[in-house]
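Position 1 is the first residue of the sequence; numbering continues from there. Heavy atoms only: backbone and side chains are in, while hydrogens, waters and symmetry mates are out.
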Amino acid sequence: MNEDLINVINTGNTTEEAQEEKATTIWLIFSIAQKRYAMRSSEVLEIIRDVAVYKLPFMPAYIEGVINRRGDPFTVINPLSIFGATDSKPPEEPLFLILKRDDDQLSVHISDILQFTEMPESDLNMIPNNGEEGFFFGTLPYGNEEVPVINPDAFELLIRKDLGSA
């Protein structure tokens, strides 16, 4: 124990610096209609494909319907309608991110999985003064571009607000 402390002191690393270096996150980089986005992999429970979306009447445009995952219904969100994309048509490919939620069952309709990558948490360029309802935390460097990082909590807050259960 004492030898470990002496080694840390001799190398000039403090415990805080060692922990700061280790603060990495695994990010899921994916696309929706040719645009790249990112999400913490810890916020994704599962990636599924080839399931039917059952339409629901009288829902906001960003709710495509529900999918059946092992007997449980998951609300399908089309983020393009929310993000204000000019072409907000949902992706053709039936590929969904099942979000890890404690109290809701949500999924996001995406086009393609590009990569899982580990990056330091410090690489996240936060959007200042962006509250819980902001759809993006910030951006991450990916290749030669900055990729928006999606805030999945904002989807739940929007649904609660629009459907009157907030």
Inset, instruction - Check step by step if side-chain contact (heavy atoms from CB on, under 4.5 Å) holds for Ile29 and Tyr37. - result: CA-CA 6 Å; Ile29 311 294; Tyr37 297 94; over 6 Å; no
Inset, instruction - In sequence, state the C-alpha distance, the side-chain angles, and the governing distance for Tyr62 and Phe83, and then conclude on ring-ring contact (aromatic ring centres under 6.0 Å, His included). - result: CA-CA 10 Å; Tyr62 61 87; Phe83 300 159; over 10 Å; no
Inset, instruction - Apply side-chain contact (heavy atoms from CB on, under 4.5 Å) to the pair Met39 and Val44, showing each step before the final yes or no. - result: CA-CA 8 Å; Met39 189 179 293; Val44 177; 3.8 Å; yes
Inset, instruction - Just do the side-chain contact (heavy atoms from CB on, under 4.5 Å) check on Ile159 and Leu106 with the steps written out, would you? - result: CA-CA 10 Å; Ile159 291 171; Leu106 299 177; 3.7 Å; yes
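Annotation for Gly134 and Asn151: closest pair O-ND2, 3.0 Å, computed over non-hydrogen atoms. The two atoms that bring Ile113 and Phe116 nearest to each other are CG2-CE1, 4.5 Å, heavy atoms only. When every heavy atom of Ser111 is checked against every heavy atom of Ala33, the shortest pair comes out as OG-N, 2.8 Å. The two atoms that bring Thr139 and Pro148 nearest to each other are CG2-CA, 4.2 Å, heavy atoms only. The minimum heavy-atom distance linking Pro152 with Ile150 is given by the pair CD-O, 3.3 Å. Taking every heavy atom of both residues into account, Lys55 and Glu64 meet most closely at CD-O, 3.3 Å.
Counting heavy atoms from C-beta on, the side chains of Ile67 and Ile98 come closer than 4.5 Å. Under the 4.5 Å side-chain criterion, counting only non-hydrogen atoms from C-beta, Phe74 is not in contact with Val76. Residues Met119 and Thr24 form no side-chain contact, since every pair of their non-hydrogen atoms from C-beta on lies 4.5 Å or further apart.
Taken to the nearest 0.5 Å, the CG atom of Leu56 stands 11.0 Å off from the CZ atom of Phe58. Atom-to-atom distance recorded for Ser107:OG and Leu99:CG is 7.0 Å, nearest 0.5 angstrom. Atom CH2 of Trp27 and atom CG of Leu124 lie 4.5 Å apart (nearest 0.5 Å). With rounding to the nearest 0.5 Å, the separation of CG in Leu140 from CD in Glu145 is 11.0 Å. To the nearest 0.5 angstrom, Leu45 atom CG is 5.0 Å from Arg69 atom CZ. Summarising the geometry, atom CD1 belonging to Ile77 is positioned 6.0 Å from atom CD1 belonging to Ile82; distances are rounded to the nearest 0.5 Å.
Without hydrogens or angle criteria, Asp112 side chain to Leu114 main chain gives no donor-acceptor distance under 3.5 Å.
Tracing side-chain contacts under 4.5 Å through hydrophobic residues (I, L, V, M, F, W, Y), one reaches Leu80 starting from Val108; they form part of the same cluster. Under the 4.5 Å side-chain heavy-atom criterion for ILVMFWY residues, no single connected hydrophobic cluster contains both Ile63 and Val51.
Geometrically, Arg40 engages Phe137 in a cation-pi contact defined by less than 6.0 Å to the ring centre and at most 45° from the axis.
For the 3.5 Å distance criterion, the side chains of Asn68 and Tyr54 fail to qualify, holding no donor opposite an acceptor.
By the 4.0 Å N-to-carboxylate-O rule, Glu46 lies close enough to Arg70 to be salt-bridged with it.
The aromatic rings of His109 and Phe96 are tilted relative to each other, their planes meeting at an angle between 30° and 60°.
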